[in-house]
A.B. asks: 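Okay, here's the structure, questions in a sec.
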Protein chains: 2
Amino acid sequence: MSMARARPLVLDPNRRDDPCAHCGARAYSVCSAIDSKDLDRLAALSTQIVVDPGRSFIEEGDAAEHFFNVTSGTAKLFKLLPDGRRQITGFASTGHFLGLAVSTAYSFSAEALEPMRICRFSRPKLKLMLDDFPAMEKRLLEVASNELVAAQEQMLLLGRKTARERLASFLIARADMPSHCLGHQPGHAETVLLPMTRNDIADYLGLTIETVSRTLTKLRSEGLIEIPSASTVVIKRHAALEAIASGSGGH
Amino acid sequence: MSMARARPLVLDPNRRDDPCAHCGARAYSVCSAIDSKDLDRLAALSTQIVVDPGRSFIEEGDAAEHFFNVTSGTAKLFKLLPDGRRQITGFASTGHFLGLAVSTAYSFSAEALEPMRICRFSRPKLKLMLDDFPAMEKRLLEVASNELVAAQEQMLLLGRKTARERLASFLIARADMPSHCLGHQPGHAETVLLPMTRNDIADYLGLTIETVSRTLTKLRSEGLIEIPSASTVVIKRHAALEAIASGSGGH
DNA sequence: CCGCCGCCTTGACACAGATCAAACTGGTTG
DNA sequence: CAACCAGTTTGATCTGTGTCAAGGCGGCGG
């Protein structure tokens with residue numbers, strides 16, 4: 001490839017050189033708090049890893065030795081009960097920071113849905129570095145606060161919304177997702193891509209796969225959405241769907 | 001009172017002097033990150049407020065102008081749907097820090113269950129002060145991370161546990177609560193006090209009041225708990241209850 | 001001390017969503 | 001291109017929890 005010849009150093013596999021400079025997630029991630037001139041110090045702490053779909057890279061209960069920063073792709077984060085019941089607590093895509101759990105063990109598992117690139121940091125080393133970069137600590141607090149708000153919203157969904165409202169909320173949330181999470185323009189996307197299976201959606205929304213399927217079929221038959229393929233939903237009536245999602249949609 | 005004469009300055013109502021020094025929550029709260037010598041600066045930013053039971057002090061959607069630190073008493077934190085369905089996302093008692101929401105508006109409401117004393121800070125002023133005290137920022141991140149873990153556990157409960165498991169989890173969590181949340185010795189308390197109504201428990205666990213009542217009655221009839229009064233539960237078989245809570249309790 | 005009122009418990013029944021079962025679909029392999 | 005397979009859809013039935021309704025209990029004020 002001609003690009004290989006134009007920038008040989010970058011592609012040289014023996015040189016782990018300046019990964020941040022070419023990181024697509026940098027602008028959206030916690031790293032944005034770090035000055036360009038200090039990036040090499042951050043880069044020195046990081047290891048780039050690749051995770052294939054279906055592969056886990058965090059196992060609930062394991063010693064929490066690393067922080068992770070998703071560079072591309074999507075993962076599902078989940079907790080299990082001993083009999084196999086599963087709750088997906090979120091999906092992590094480009095820019096997402098993982099591993100905030102305070103204790104010494106991870107409190108959830110993470111598995112790739114799509115091919116992923118992840119930037120991995122030694123936990124103790126990054127913690128030390130945080131002392132020198134309060135701006136990054138500030139950014140982490142911001143991120144954690146945002147996740148907390150999202151978690152509370154999800155509790156409302158799981159505790160009090162109907163299946164119909166849960167699906168509507170899920171689709172609206174996906175459609176309103178920041179553009180870098182999947183490369184489309186900002187604002188509502190009317191086409192929503194679902195990299196996860198129906199089973200994952202069910203485990204995220206506290207439902208069964210059959211209820212998810214039936215409810216989507218119903219929304220389609222009412223003209224609110226179209227489903228050109230199992231992993232693609234087109235939102236036809238965004239406002240109506242939003243009304244359902246918020247709990248003021250009737251039925 | 002003789003104490004009044006011994007320390008007249010403290011009790012002088014016109015002197016808002018050094019509230020932190022006598023704050024019972026200090027050791028457990030984010031303030032523990034602040035050196036004694038800097039406490040006066042923190043105290044200068046704070047206003048002590050008292051909230052009667054049933055009174056709200058945070059209203060979802062209102063401009064987020066303050067941070068709060070619970071000094072004594074307990075509040076319920078909740079979100080509402082337009083038709084009145086309610087999800088309680090947590091209970092905040094002594095030492096709890098509130099108001100982390102990033103956006104400009106609160107994402108939940110808070111209402112006192114018991115008489116409360118709260119330490120209130122101006123949001124922008126405290127944020128400025130954080131720049132000078134990275135230790136406090138670190139502490140806040142710790143707190144937020146802990147809450148995130150708790151929120152994920154609650155999602156598992158709301159999405160995947162049965163009514164029986166939810167009640168068991170709730171009672172176990174209350175029994176294992178840090179001692180400063182209600183003044184008993186550390187470790188399991190076998191006597192659990194419930195300052196909230198059955199309705200609040202129901203809205204916290206994503207159930208109805210009737211199901212909460214019936215399920216508690218059932219646990220009692222099985223000899224796992226006793227219910228000397230509506231607001232007191234005595235755990236008779238902690239291990240068995242824990243097994244149910246974790247999802248490996250049979251039935 | 002009595003009566004009221006809010007909260008809690010208990011019972012009978014209904015229903016949203018779970019479970020069990022079977023057929024369909026689209027992509028992949030030999 | 002046929003057979004397969006994982007994931008999805010659809011159908012029939014069941015059930016845990018919700019809903020509606022009727023007491024019971026305990027604390028507070030008069």
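Because only heavy atoms are used, hydrogens play no part in the values below, and waters and symmetry mates are left out as well, while side chains stay in. Here is the naming used below: chain letters follow the sequence lines, and residue numbers restart at 1 for every chain.
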A.B. asks: So which of residues 202-214 of chain B are in contact with DNA chain D, with a heavy-atom cut-off of under 4.0 Å?
C.D. replies: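 Correct list: Gly206(B), Leu207(B), Thr208(B), Glu210(B), Thr211(B), Arg214(B).
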A.B. asks: Separation of Lys161(A) atom NZ from dA16(C) atom C1', in whole Å?
C.D. replies: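 In whole Å, dA16(C) C1' lies 17 Å from Lys161(A) NZ.
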A.B. asks: Assess whether a salt bridge exists between Arg85(A) and Glu165(B), defined as any Lys/Arg side-chain N lying under 4.0 Å from an Asp/Glu carboxylate O.
C.D. replies: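 The answer is yes: the pair qualifies as a salt bridge.
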A.B. asks: Report which part of the nucleic acid Thr162(B) touches: base, sugar-phosphate, or nothing (heavy-atom distance under 4.0 Å, all strands).
C.D. replies: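 The residue Thr162(B) makes sugar-phosphate contact but no base contact.
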A.B. asks: May I ask you to check if Arg174(A) and Phe91(A) form a cation-pi contact, with NZ or CZ under 6.0 angstrom from the six-membered ring centre and within 45° of the axis?
C.D. replies: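 Yes, Arg174(A) and Phe91(A) form such a contact.
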A.B. asks: Using whole Å, report how far CZ of Arg86(B) lies from P of dG18(D).
C.D. replies: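 That distance rounds to 15 Å.
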A.B. asks: Does the side chain of Glu147(B) come under 3.5 Å of the side chain of Ser145(B) through a donor N or O and an acceptor N or O?
C.D. replies: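 No, no side-chain donor-acceptor pair sits under 3.5 Å.
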A.B. asks: Nearest to the side chain of Arg198(A) - dG7(D), dT9(D), dT17(D)?
C.D. replies: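 Minimum distance to the Arg198(A) side chain belongs to dT9(D).
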A.B. asks: Under 30°, 30 to 60°, or over 60°: which ring-plane class applies to Phe57(B) and Phe68(B), parallel, tilted or perpendicular?
C.D. replies: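 Correct class here is perpendicular.
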A.B. asks: Is the distance between the ring centroids of Phe78(A) and Phe108(A) under 6.0 Å?
C.D. replies: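 Not close enough - the centres of the two rings lie 6.0 Å or further apart.
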A.B. asks: Let me know the distance between CZ of Arg164(A) and P of dC15(C), rounded to the nearest Å.
C.D. replies: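 Arg164(A) atom CZ is separated from dC15(C) atom P by 18 Å.
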A.B. asks: Starting from P on dG16(D), measure out to CG on Leu167(B) and report it in whole angstrom.
C.D. replies: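 After rounding, the gap between these two atoms is 16 Å.
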A.B. asks: Strictly by modelled atom types, are Gln152(B) and Thr89(A) linked by a side-chain donor-acceptor pair under 3.5 Å?
C.D. replies: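 The answer is no; no qualifying pair exists.
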A.B. asks: Provide, to the nearest angstrom, the distance between the NZ atom belonging to Lys218(A) and the P atom belonging to dG17(C).
C.D. replies: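 That distance rounds to 10 Å.
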A.B. asks: Measure from CG on Leu219(A) to C1' on dT9(D) and round the result to the nearest Å.
C.D. replies: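 Distance, rounded to whole Å: 15 Å.
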A.B. asks: Is it true that Ser109(B) and Lys79(B) share a donor-acceptor pair across their side chains at a distance under 3.5 Å?
C.D. replies: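 The criterion, which ignores hydrogens and geometry beyond distance, is not satisfied for Ser109(B) and Lys79(B).
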A.B. asks: Reckon Thr217(A) touches a base, only the sugar-phosphate, or nothing at all at heavy-atom distances under 4.0 Å?
C.D. replies: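 Here Thr217(A) touches the backbone only, sparing every base.
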A.B. asks: Calculate the interatomic distance between Arg160(B) atom CZ and dG16(D) atom P; express it in whole Å.
C.D. replies: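 These atoms are roughly 16 Å apart.
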A.B. asks: For Asn199(A) and dT8(D), give me the distance from atom CG to atom C1', rounded to whole Å.
C.D. replies: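 One finds 10 Å between C1' of dT8(D) and CG of Asn199(A), rounded.
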